[in-house]
Amino acid sequence: MSSPNLAPIPELYVSYDSAQKLKHEAAALISWDLSPRQTCDLELLMNGGFYPLKGFMGEADYDGVVENMRTADGTLFPMPITLDVSEKFAEGIEPGQDIALRDQEGVILAILSVTDKWVPNKANEAEKVFGADDLAHPAVNYLHNTAGAVYLGGPLTGIQQPVHYDFKSRRDTPNELRAFFRKMGWRKIVAFQTRNPLHRAHQELTFRAAREAQANLLIQPVVGMTKPGDVDHFTRVRCYEAVLDKYPQSTTHLSLLNLAMRMAGPREALWHAIIRKNHGLTHFIVGRDHAGPGKNSQGKDFYGPYDAQELVAKHQAEIGIEMVDFKQMVYVQEKSQYFPVDEVPEGSTVLDISGTELRRRLREGLEIPDWFSFPEVVKELRRTSPPRSKQGFTVFFTGLSGSGKSTIANALMVKLMEMGGRPVTLLDGDVVRKHLSSELGFSKEHRDINIRRIGYVASEITKNGGIAICAPIAPYTSTRRSVREMIEAFGAFIEVHVATSIEECEKRDRKGLYKLAREGKIKEFTGISDPYEAPETPELRVDTEGAEVDHCAHQVILKLEAMGLIKA
Ligand code: PPS
């Protein structure tokens, strides 16, 4: 049985006085602005979470870790912890140089004494560390599309920890946790790692794990970076707090870990075990598909469901932490109780709700049964994931000048306001150009800036639960696509092509602009002397020729109803 060693672990920080002095000196150094992921890595490097690493890995350590999970001196460390920078920044840096590392607000957190600079073989890193050079893996995608082309490595001098404004009392460094365990007299502590809200199955599993190991329980959720699309950590922490009193008092502790996950399955599980050892834990729960990234581009799982358990089992003695392995927990209806999937009594009815099914139920406002989760957790989740009929969305009209976009948009706005429930904002082409984009003309570059501004405002409105109706010409497909992406991060995007023909628009010429364009008095006029790329697959296409405005607006309403965005 492993015995806890709760003595303080080495950190990379200098004393307070030295930090004050260094901060001034470092201000004169070339500095690198850390990405959110690098800031998470730096925090765990400095506070001992990634002990025995003393900085961002140099090339020899990196090569060893990528190839066989060991640094150059043979230390087991399965994850490359590297500082990626742009080629341009790297050009001005040479080994032997010190650089200041700043957070996103420009605060100097540490000094990196650069010993190594190299161009990594990213395809090899992807194959060896993540198992495949496949962009469907979030960390591989990050590696190729977000991370810089050059790596810098070297030891760190820690000046200060990154500042957190949220849930301060729930965040602990390895040494703070060790001190807490010492104070409580906890000798055996089992850690539960999670990036999801806790439901009954998790509670059941953690209960059993603590009982089996005869240990206290530490729920240690990741609040740094998890898998894109996960429930945000603010919501999750409120959910964790809501279930804490379901555990026997003073046996369980909640502590947040500012880790940037890579979703690397087995290697990630091993890394998590090392991090937990550093935080003073004696046992670590590894369940089914630990830190799994989902399906690859062939629709298959990247890793086997119990690969992570196998790898941790192999190295647990070397790390000095004991793995508590768990099968998936499922609910057995006849027994009204949870069982590990391989212990389910024969012939009984097994109930389970997958993550995808849970999201669907939340989206559609459907029932989430009590056997699955706790009412307090469901309430929190419903607050941040309201059903579609209560979420914000954007209706984006596009079409030629004079096609009828503004008129239909106005009619739609009035109809939605009549229904009530959500604030409605109209971002009409002309109005936006007057208030937001008055300095812009009609070149491609200026039109793109204009549309992106509209997209940004609409995405903020959508994020905050409102309805944005946009009615610019928006002639370019790629710009409309990027606006769609901005908005779909927060809610639905409904593109409506007002497909009135150029002949009809010119015949109507309500503002007299077509005449001026034909005479060459207005340059770059859409449809006459400038392009309009009609959308190929809009959510809706309306034709105003021979149709009433009211009818067109009603078609949009029907579409919104069909999409579940408004209730009949
Ligand atoms: S864009 O391309 O989306 O940025 O255009 P938008 O902001 O919607 O502005 C279109 C309105 O500006 C008037 N206008 C012109 N349109 C197109 N091309 C040129 N060169 C031009 N010059 C002025 C025109 O009245 C448009 O209004 P709508 O409501 O579309 O008729």
Side-chain angles (χ1 to χ4, degrees), residues 394-414 424-462 467-487 493-536 538-545 547-550 552-553 556:
T394 292
V395 180
F396 192 95
F397 290 96
T398 168
L400 296 167
S401 170
S403 57
K405 302 180 299 287
S406 310
T407 324
I408 304 171
N410 260 300
L412 175 67
M413 176 174 73
V414 172
V424 190
T425 309
L426 177 59
L427 298 164
D428 189 32
D430 278 338
V431 179
V432 168
R433 282 202 170 256
K434 189 163 159 209
H435 295 290
L436 270 184
S437 297
S438 57
E439 84 285 19
L440 299 179
F442 289 88
S443 63
K444 168 150 195 333
E445 191 196 352
H446 277 196
R447 286 181 198 261
D448 282 355
I449 297 174
N450 181 43
I451 298 306
R452 283 180 212 283
R453 284 183 191 165
I454 295 176
Y456 173 71
V457 176
S459 74
E460 286 293 307
I461 292 169
T462 303
I467 300 173
I469 304 174
C470 314
I473 297 178
Y476 297 107
T477 307
S478 66
T479 327
R480 291 194 302 261
R481 189 181 309 127
S482 61
V483 167
R484 177 186 288 274
E485 278 167 19
M486 274 160 95
I487 287 159
F493 180 81
I494 302 95
E495 186 175 44
V496 183
H497 179 206
V498 183
T500 314
S501 67
I502 181 84
E503 294 76 24
E504 177 67 19
C505 293
E506 189 164 3
K507 201 166 83 196
R508 291 181 195 163
D509 204 6
R510 287 176 55 192
K511 299 181 189 166
L513 296 174
Y514 281 92
K515 185 165 176 289
L516 294 174
R518 287 285 181 203
E519 292 166 5
K521 292 184 182 144
I522 303 180
K523 307 266 178 270
E524 299 175 310
F525 195 82
T526 307
I528 304 292
S529 44
D530 222 43
Y532 179 76
E533 300 169 3
E536 281 177 11
E539 275 71 11
L540 187 68
R541 209 184 298 278
V542 292
D543 194 342
T544 61
E545 285 164 61
E548 296 274 316
V549 170
D550 202 24
C552 296
V556 182

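What you see is a predicted model, and the numbers here were worked out from it, not measured in a lab. Indexing begins at 1, ligand by ligand and atom by atom, following the structure's order.
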Ring pair (Phe, Tyr, Trp, His ring centres under 6.0 Å) involving Phe396 - partner list, sequence neighbours excluded: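 With sequence neighbours excluded, Phe396 shows a ring pair (Phe, Tyr, Trp, His ring centres under 6.0 Å) to Phe493, given in chain and number order.
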Cation-aromatic face contact Lys444/Tyr476, 6.0 Å, 45 degrees: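 So Lys444 does make the cation-pi contact.
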Arg508 atom CZ, neighbour heavy-atom count above 12 within 6.0 Å: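 Counting other residues, nucleotides and ligands, CZ of Arg508 exceeds 12 neighbours.
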Glu439 atom CD: more than 12 heavy-atom contacts under 6.0 Å: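 More than 12 within 6.0 Å, yes.
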Contact residues of ligand 1, where a non-hydrogen atom lies under 4.0 Å away: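 Ligand 1 is contacted, at a heavy-atom distance under 4.0 Å, by Ser401, Gly402, Lys405, Ser406, Gly429, Asp430, Arg433, Phe442, Arg447, Asn450, Ile451, Pro472, Ile473, Ala474, Pro475, Lys511, Leu513, Ile522, Lys523, Glu524, Phe525, Thr526.
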Residue list, side-chain contact (heavy atoms from CB on, under 4.5 Å) with Ser529, at least two apart or on another chain: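 Phe525.
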Glu519: salt bridge (charged side-chain N to carboxylate O under 4.0 Å, His left out) partners, not counting sequence neighbours: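 Partners of Glu519 under the salt bridge (charged side-chain N to carboxylate O under 4.0 Å, His left out) test: Lys515, Lys521.
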